[in-house]
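The analysis underlying the following values was restricted to heavy atoms, covering all of them including side chains, and did not include hydrogens, waters or symmetry mates. Computed from a prediction, not measured in an experiment: that's the story for all the values here. Residue numbering restarts at 1 for every chain, and letters A, B, ... go by the order of the sequence lines.
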Amino acid sequence: MALWLRTWQLGVKSLLLHPMRSLLTVLGIFIGVASVIWLLAIGEGISIEAQKQIEGLGADNIIVRSVKPPSEATTEIRGPVPYGLTRAEYQILVDTIPTIKSALPIREVRRQFKRGPRLIDGRLVGTTPDYARILRMEIDQGRFITEADMQYNKNFCVLAAEVAEFLFPYENPIGRKIQLPEHEQFFQVVGVLKPRTATAAIGGSLDAQEFNKDIYIPITTLQKRIGDQITVRRSGSFEGEIVQLNQITLSVHDVGQVLQTAEIVQHTLAPRHKAYSDINVVVPLELLEQARTTRLMFIVFMGLIAAISLLVGGIGIMNIMLATVTERTREIGIRRALGARRQHIVSQFLVETIALSIVGALVGVVVGLACPFVMTQVRLGLEHYRPDLMESLPAVVRNVTPVIVPESIPLAFVISVLIGVVFGLYPAVRAAYMDPIEALRHE
Amino acid sequence: MISTTSSVSLAASIQDLHKTYYLKGETVHALRGVSFDVPMGDYVAIMGPSGSGKSTLLNLLGCLDKPDLDRGRLLLGNDDIGRMNDDQLAMIRASRIGFVFQSYNLIAQLTVLENIQVPLYYMGRLGRKERQRCRELAELVGLEHRLSHRPSQLSGGQQQRVAIARSLVNDPYFILADEATGNLDSVTTAEILKLFQRLNDEGRTIILVTHEDDVAQHAKRRVRLRDGQLHSDEQTQNRIIL
């Protein structure tokens, strides 16, 4: 035990004789260890993010969305272009596919909402009472839309948190009215929702959803008061479109039926949308698979970087130790002459490399643990100085919050010590197998 | 005069020793049948011009190399050096041989006291008693006030005295001094030789490898090598006693 202590003491002493050299050697290991921890943290962050989204969408759901066809496909049509899902199709899906448990029709329109002098841009969502349940919306005050509201085409609305906050900063919104200036319609507020985190877009098949600027009304009311045709003024000219439903969210009874049902839905709808592709079937379950693949790709990619940097770190250690062994040939000769066995020399030099890699690992772990903090700072900095750049980044990068995987710390530690042993062994063995007579003669 | 008796009283017994090197296809016969004994308490100077096999004999006596196995043998105490493996030789070096080199060969990172302790460390015997003994040895060579100095802070003579203390730490069969005074001025040389003589008077065996007659003149006995063979082995005439 005392011998080991002395060996370590000696090793550290020898390393401190060349602080700069030791520091640079440590650098390689440190980068490797930090990147192992970072890659696992970011991978975990992505995975959790994806899981949250899938949960938000529901793994047992199938989402059918209307997609605006490309303008080349509709040049022959004069005036507003009709596209997307229809109420008739909604009915067909509900009536003919037995595995469907519930179906949620959704119609969304970008509108302005007004209350006195206050004006906000938001999304008018026409839907059914099931919406709150299926999308896991929580009511803050009042209530959500009811069947009766639907039946009587009531001008009732439910506000998302941000809209309520903005339009009614000082008063309780329940019972008050808001105005849709573009349609000269008034809606009475019957409920307010709790804030809800936005979902990021997934793989290009589903846009990001920012629920906090939504106003929910019965879908029947939307159809009656606003209609299917929407006119948008865009750069001086009017563009029109005719859409009955923007989305149908279908739930199945059992997760096992999702893929099969999605296929049936696809086949049922396909003949009706032959002219141009204006619908899109999104299966969150498939997205989950995609997210897993993305995560795996990310881990493989970052793992490669980590492996390369650990390799470079290891080669750095080996290089330095070979130089050290040559430099200390005389010392090795003296020690051998005074009775050091080969194993003594091996352990003397191994201890030095292991000490280097342990220090590298410790620094790496500290820097690794700083990952979430650094990521947040970088993101804030980018948002502040280069918002345009930030905007162009994929949502995954913008939103991911790294989560440190506890196992990654011992893992990184063990890997770096192994690197120390593997790359330190050759120089140490070379030192031990020197001819003591030659070594003693070395200047 | 080949001794085949049990040589407990002998520090070293050199019996028809041969050593052949094979260098790039060339065969060099460094030693061709050297025989002599070194009894305990002896003070031998091994002399000879370069190429005489002096260094080879030194390496063999120091257990840094092994003699030819087919002819002759080298006994240290009762150990046949030719039949030992690398680890056993290291153990013998640590426990039975006290090296003193021309260039002192102290370890630069270690203090005086730590340098003295090195052989004990490799024997795996570094207890409190041994530490105390190291201090006593430092005192013996007159360096008790320099225990935590580094070799670079000492003069050549002081460094050599540290090396002598180190050579005594394991209570060796013999002190093997290789041109131990080669780097020292005449005053310091005299000091070191005096120290050797005192150690010899106390019963220590000393083997002095040198090419200087003045130095050899201090030994009790002179062994001369020439062309890998024993040239002469005689008691020193007109020995200088300091």
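- In summary, the side chains of B:Ser103 and A:Arg330 do present a donor paired with an acceptor at a separation below 3.5 Å, with no hydrogens or angles considered.
- In this structure, B:Tyr21 places its OH atom where more than 12 heavy-atom neighbours from other residues, nucleotides or ligands lie under 6.0 Å away.
- Among A:Leu10, A:Leu440, A:Asp435, the residue with the largest count of heavy-atom pairs under 4.5 Å with chain B is A:Leu440.
- Comparing A:Lys13, A:Arg335, A:Glu331 by heavy-atom pairs within less than 4.5 Å of chain B, the highest count is held by A:Arg335.
- Heavy atoms only, all atoms of each residue included: B:Gln109 and A:Ser14 are closest at NE2-OG, 3.4 Å.
- For the atom pair B:Thr56 OG1 and A:Ile437 CD1, the distance stands at 8.0 Å (nearest 0.5 Å).
- Within 6.0 Å of CD in B:Gln132 there are more than 12 heavy atoms belonging to other residues, nucleotides or ligands.
- Here the closest non-hydrogen pair linking A:Ala337 and B:Leu64 is CA-CD2, 3.9 Å.
- Residues A:His344 and B:Tyr121 fail the side-chain proximity criterion, which asks for heavy atoms closer than 4.5 Å.
- With a threshold of 4.5 angstrom between heavy atoms, B:Ile92 does not approach chain A through any atom at all.
- Both the backbone and the side chain of A:Arg336 come within less than 4.5 Å of a heavy atom of chain B.
- Only the side chain of B:Asp86 comes within less than 4.5 Å of a heavy atom in chain A; its backbone stays farther off.
- Of all heavy-atom pairs spanning B:Ala90 and A:Arg341, the tightest one is CB-CG, 3.5 Å.
- A 4.5 Å side-chain heavy-atom check between B:Tyr104 and A:Ile334 finds every atom pair outside the cut-off.
- B:Arg135 CZ: 12 or fewer foreign heavy atoms inside a 6.0 Å radius.
- Scanning both residues, A:Arg342 and B:Asp87, for their nearest heavy atoms gives N-OD1, 4.2 Å.
- Residue B:Arg166 touches chain A through its side chain alone, counting heavy-atom pairs closer than 4.5 Å.
- For B:Gln117, the part lying under 4.5 angstrom from a heavy atom of chain A is the side chain only.
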